[in-house]
Each structure stands twice: as C-alpha cells, then as structure tokens.
2 protein chains.
Amino acid sequence: MNNKPTIHDIAKALGIDSSTVSRALNDSPRVTRATKDKILAKAEELGYQRNMLASNLRKNITNTIGVVVPRISRHFFSSAIQGIEETAYLAGYNVIICQSLEQLEREKKIVGGLLANRVDGLLISVSMETMNYDHLEALKNSNIPLIFFDRHCDIPGFSNVLIDDFKGGYDATQHLISKGCKHIAHFSGPQELEIYKNRFEGYKAALKRNNLTFKEEYVISSRLMEQDGYISMRKLLAKKLPIDAVFCANDLSAIGAMKHTKELQIKIPDAIAFVGFSNEPVSSVIEPSLTTIDQSGFEIGKIASELMLKQILTKETPQKGQTILIDTHLIERNSSKK
Amino acid sequence: MNNKPTIHDIAKALGIDSSTVSRALNDSPRVTRATKDKILAKAEELGYQRNMLASNLRKNITNTIGVVVPRISRHFFSSAIQGIEETAYLAGYNVIICQSLEQLEREKKIVGGLLANRVDGLLISVSMETMNYDHLEALKNSNIPLIFFDRHCDIPGFSNVLIDDFKGGYDATQHLISKGCKHIAHFSGPQELEIYKNRFEGYKAALKRNNLTFKEEYVISSRLMEQDGYISMRKLLAKKLPIDAVFCANDLSAIGAMKHTKELQIKIPDAIAFVGFSNEPVSSVIEPSLTTIDQSGFEIGKIASELMLKQILTKETPQKGQTILIDTHLIERNSSKK
DNA sequence: CTGTTAGCGCGTTCAA
DNA sequence: TTGAACGCGCTAACAG
C-alpha cells in the first residue's frame, strides 16, 4: 500500500530474475511471449509503475526537454508551448514548462534546476532582464543543446528560431499600399529593440519598393503601450498631414489609436487599417476591423521543437548556430459580416 | 567537458571521501567549516551540479508537485498556476505544469507520467471528458496527496478548492438590485453543470431575499457561447417585458448580448449591467462598462497549493476530504473615465 | 532466452 | 569529524 512495488517484487513473486522483468517491461525481443505475458499480468496486478528517476539515472537520459518562457499567460507563449508539446510528445518526449516572470534571477534558478534534473535539451525565450548570459553560455561545453525562440541572446554556437519582423513590417505596409493608401504613418517602438527596428525597416523598404518617399514626420516613436497609441494618434492628427493609414508596430498601440479616433468621432476612410503584431485574442476581439500581422506561436514552437529534437538525436549542435526566420501572417478581418 | 562532475570527482581531487562531500554540499553540521569551504570551492571550480535524479531516487522524495490543467492558455488557469508556483517556491518546492487539452486520454497519460516521476503531490483541474475517475481513484491508497481545484470530481477522500458560484450569483444579483434594478433577467447555462446551477440558485436566492418574485420568463438558457448571448438577447427583447438588467452566467454570453444591444442601438438605462464570470482580460477590454464577477485564479491556486503543502508535510489526507470555497470578486468598471 | 554481475550518483547508515 | 560500505530502482554487459 505504502511502498510502491518494484521490479524485484514482481520478480520474486514469479520466481524469476529482476533483469528479465526489466526486459519484459521494456518490451525487449529477448523475452519469450509467455513469460512476458506473465510478467505484465503480475505488474498490472501489483499496480506496478516504473520509477522514472531510477530509469533515467541509469540510462543517463530523461526524454525530457525544458522550456523557459517569461510568462505562460501570454497567448503567444502558451501557443508556442502548444506547438512545442505537440512535436515533442509525438517523438516520445516530455516537456517541463517554466516561467521566469521576466526576472533574471528566476531564470537562472530555473535553468540550473532543469540542468540538475538532467533535461535532454533546453528551449528558452529569455526574460527582459536577461542582459548577462553567463548562465546560458555555461551550456556551451555541455552536451545538452540550447535553442532560443522569439526572445534571443546573441551567443554564437546556439540556434535561434525567430519571427521575421522585417518581412512582417514589409508585408503590412505593402498590404496598405495595395489597398490604395499613399500616406502611411508609422507608430514605432524603441529602436534599441531589434524587433521594432526591423519592423520599421520593413516599412521603409516597402515604401521604397513602391516609389513612395519616406517622410520622417509620418513616424511617431513611443513605448507602444495602449496609452502611447492614443497619444501618438493625437500628435499625428495635430500635424494636419494627409493620412490614409497607420501602421502600428504592435497591437496595444493600435488599440489605443483606434480608441482616440473613435472618441474624436473622426471619419476614417475605409482604406485605413491599423496593423499590429500579436495573436493575442484581445486585439481581434476589441476591433473586429483591425487588420493584424499575427505571429504564430504554435508555428514557432513547432519549428523550435523540431530543431531541438534533431540536435538531441544527432548530438550535433551546428558550430555557428543557425537562425530560422518564421513568417508572420496578415489577417484581414471583415467587420461588415456579423 | 562531456561528462558532468560528480561528488566522487570532487572527492578524488581533494583526497577525501565522497560521503564527506555529500554532507558538505548538504550543509550538514557534521563537517568542519574548513573542509566545507574547500569542498564548495572545488565544486564551484569543477562546475559541479547535483544530479537531482540520483538525489531524489535516494531520498525517495522529489520536492516537486505536479499540476494538471485543461489548458494553460486560459487566463484563469495560468493565474492559478501563478498562485500555485508562488506558494510552492517559497516552500522550496518545484512545480511541473501539464495540460490535458480537455482530453481524458492525455490526462491519464499525464497523471501516470507524473506518478512515474514520483511527484510528491498532485493538483488537478480535470478535463471536460473526465467522467471516469479510475486513474485518479488509484491514488487513494498511495501516499501521494491529490487535490482538485476548480474542476473537480466527486471522489470522497480527496479535497477540493472551488469557486463559490452560489455566492457569486447571489452577489451579482444583489449588486443589480442595490442599484435599483427590479426586473433582472438571467442568461443561464446547462443545468447539468454544477457551476451554472449554483449561479442560477444564487440569482434566485438574491431575488427572494429582496422580495422580488422569480419569473421563469426572465430566464433564457443556452450553451453560453458569444453567439448564444446574442441570440438570447434577441429572444429576451422579443418578449417585450420590462427589463432593468441582465445577469449573464458567463462572460462570453455577456459580450454577445452587449453586441446585440449595440447593433440595435437600444437605449440602455444606466442601471443595466452585464455580469459575467471570468477574469479573462478580454471581457474587461471589450466592454469597459461591463461589471463582472471575477474568480481569482491566483487565489484559488494559492489556497490549493497551501493545502497541498500541508498534506504533504503532515502526511495526512483528511479521511473525508475537505472542500474550501473561494469567494468571487465583483468588479465594477467605470466607463466614464478614460 | 534467461541469470549474474555491476554500476548510474547520491545519501545514509555504521564504525572509527 | 571523517571514511567505508551499502542500497535507492533500474538497465546494460556478459555469460550460459
């Protein structure tokens, strides 16, 4: 009742050796069908359950990959986890999910803990506090692979799976241009952050490609919170420039911008679209007319997980580390239908 | 490089025995300060990291509790996990998060896996498919405690931490009455589900308490999807009854109902409130004026986790299993301020 | 096809 | 205070 039965218990009950039991339970071909059946029956009867701790210790592999994200409550990350798990489970791997809550200290502890538990690989999307990479660089000369997804550090030797922000910005802008917009503003984010810089570059590239001249006064920079979108929109309107559309570098600012236009009861031509980056359900719910550039968490998770499995199985981390870029998806919603 | 150092490696390097190293690393008082320091220094130097598999195997405890939820992407569950982790970490426990994706088969596998990995306790919110409890009842005569939170099974012997739906329904209705509403409709859910039944009962109890007569025609039952709220509202309005407010049994239906009233451009008196059950950010974003009855995932997680730790530490599961009811919180939002 | 032996890395006796 | 020896439960090597 209290003490769980072991292979020895079932071996003793059958008058055979525990190694035979072990083999049978692992469905080894080196055990007769008959004894195998007897063993399985006995195991069932005693309510035997393999002790993974012992098994993993002995085999020196855990069939487990660790995943570290800032917060699982963010839709992007939870769908990434979905993608990771799906691939991992199909390959017979378990997944341990941990959240750093954007704290470097927690992230360090978590990574240490996962290593101490001997995970076979590590997928990580780093916290915002992660400027120091020591705890990750330490993995370099271990034999467990590390792959960054979405939020990465630039450490040569490790692979990355990232959103193609440049292409996203390009596609968003191109979409607006294709709808006939000529004067497209851009609400951009902090340019120290690569993602915002890349989205901005994509915007400029699309303008150029279409022979539209880029004008500095159409760009308003902020921290892209909802409040910022609101303020940016006010600033933009105050300039009295001709405007056909605004390309917002994220979803929150787009929502803020929309609210402001509504409040002012501005007549917005059909061609105007607010484009944000996010697949949070919020953005699609609040403004059914909002066109968004979605980043598929599921997809990024799936690709990252596949890459991880490949590295685990081949035991080969590419020397320089490869970077895979994942496409975004432009979602045009139709507010005219219910 | 490849093979991780063990206590033997550091023992050998120092010319002492591995058992001393073990004691030192566990900060046992039975080791001299001096040797302890030497050992710790050497451990650091070699990049030693305790093998938890071996340690746990030996100690027969893992300091880990398993958590099973239908999906981590649902805000209620991810905040419950937050609450669980916070309490657990403070007590020095690790948490393994798993999602059943509402599938019984997955749930069974997960529970089996967690047991095989020898978690010290199990917190579970069961899937919608979980009608058969065999995989959970099997835990009865094991010594690892099992506690249900939110979605539970009625298995005597296990404890539950649940939302007080009756009180929630009561409070919501009382709130509307206090604001002066006399004719309060109710959009209710499937009465086979306890939560909806309890919310309905709370609604009736509040009416009775305030000497308002309950009328069947004010109740519209559905599956409470957004679309259902929309339809229910149409049905309700078609009855041409006097209506001051509607108490919706969940958030989605409330959103659907709101959309319909907007579409019809119905003038809604100030006193009208739509009250749903959810702390999903969606409901608060889409309708800033929506008053909601929030269930605190964080709180339920915290309480469940505390109860779990208590049961683990005392090694005593209450014979009959206790049920703790968690209060909901009425959130009245103010749409007048920005 | 099965049994024997020997560890995986750690923590805990028991002596010294 | 430290060392020697054993065992947690399982699997892998080698016999037979």
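As the structure is a computational prediction, the values presented were derived from the model and not from experiment. In what follows, every chain begins at residue 1, and chains take the letters A, B, ... in the order their sequences are listed.
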Exercise for review: Measure from CD1 on Ile61(A) to C1' on dG9(C) and round the result to the nearest Å.
Suggested key: 17 Å

Point to revise | Between C1' of dT4(C) and CD1 of Ile7(A), the distance in whole Å | key: 14 Å

N/O to N/O distances under 3.5 Å, protein versus nucleotides 12-16 of chain C:
unit_1	atom_1	unit_2	atom_2	d
dT13(C)	O4	Arg23(B)	NH1	3.4

Exercise for review: I would like to know whether Ser159(B) and Gln311(B) meet side chain to side chain contact (heavy atoms under 4.5 Å, CB included); could you show each step before the answer?
Suggested key: CA-CA 10 Å; Ser159(B) 300; Gln311(B) 293 197 5; 3.3 Å; yes

Check your understanding: Heavy atoms under 4.0 Å, any strand shown: does Asn51(B) hit a base, just sugar-phosphate, or nothing?
Key -> sugar-phosphate

Check your understanding: Heavy atoms under 4.0 Å, any strand shown: does Ile16(B) hit a base, just sugar-phosphate, or nothing?
Key -> sugar-phosphate

Check your understanding: OP1 or OP2 of dC8(C) less than 4.0 angstrom from a side-chain nitrogen or oxygen of Thr6(B), does that happen here?
Key -> no

Review point. Pick one: which of Leu309(B), Ile61(B), Leu313(B) meets side-chain contact (heavy atoms from CB on, under 4.5 Å) with Asp120(B)?
Key: Ile61(B)

Review point. Under 4.5 Å between any side-chain heavy atoms of Ile324(A) and Leu307(A), yes or no?
Key: yes

Practice item. Under 4.0 Å from any heavy atom of chain B: name the first and the last nucleotide of DNA chain D that qualifies, 5' to 3'. Key: dT1(D) to dG9(D)

Check your understanding: Distance only, no hydrogens: is a donor on one side chain within 3.5 Å (strictly under) of an acceptor on the other, for Glu107(A) and Thr130(A)?
Key -> yes

Exercise for review: Write down the distance between CG (Asn56(A)) and P (dC8(C)), rounded to a whole number of angstrom.
Suggested key: 16 Å

Check your understanding: In whole Å, what is the span from the CD1 atom of Ile39(B) to the C1' atom of dC10(C)?
Key -> 14 Å

Exercise for review: Using only heavy-atom distances, determine whether the side chains of Thr62(A) and Asn56(A) contain a donor-acceptor pair under 3.5 Å.
Suggested key: no

Point to revise | side-chain hydrogen bond (donor to acceptor under 3.5 Å, both in side chains) pairs, two or more places apart, involving residues 41-54 of chain B | key: Lys4(B)-Gln49(B), Asn26(B)-Arg50(B), Lys42(B)-Glu45(B)

Practice item. Examine distances only and state if a side-chain atom of Arg23(B) and a backbone atom of Ser28(B) form a donor-acceptor pair shorter than 3.5 Å. Key: no

Point to revise | Under 3.5 Å side-chain donor-acceptor pair for Asn160(A) and Thr323(A) | key: yes

Revision key, fill the gap. In this structure, OG of Ser73(B) is separated from CG of Leu101(B) (nearest 0.5 Å) by 8.5 Å

Review point. Start at the 5' end of DNA chain D and walk down; is the nucleotide closest to Asn60(B) or to Pro29(B) reached first?
Key: Pro29(B)

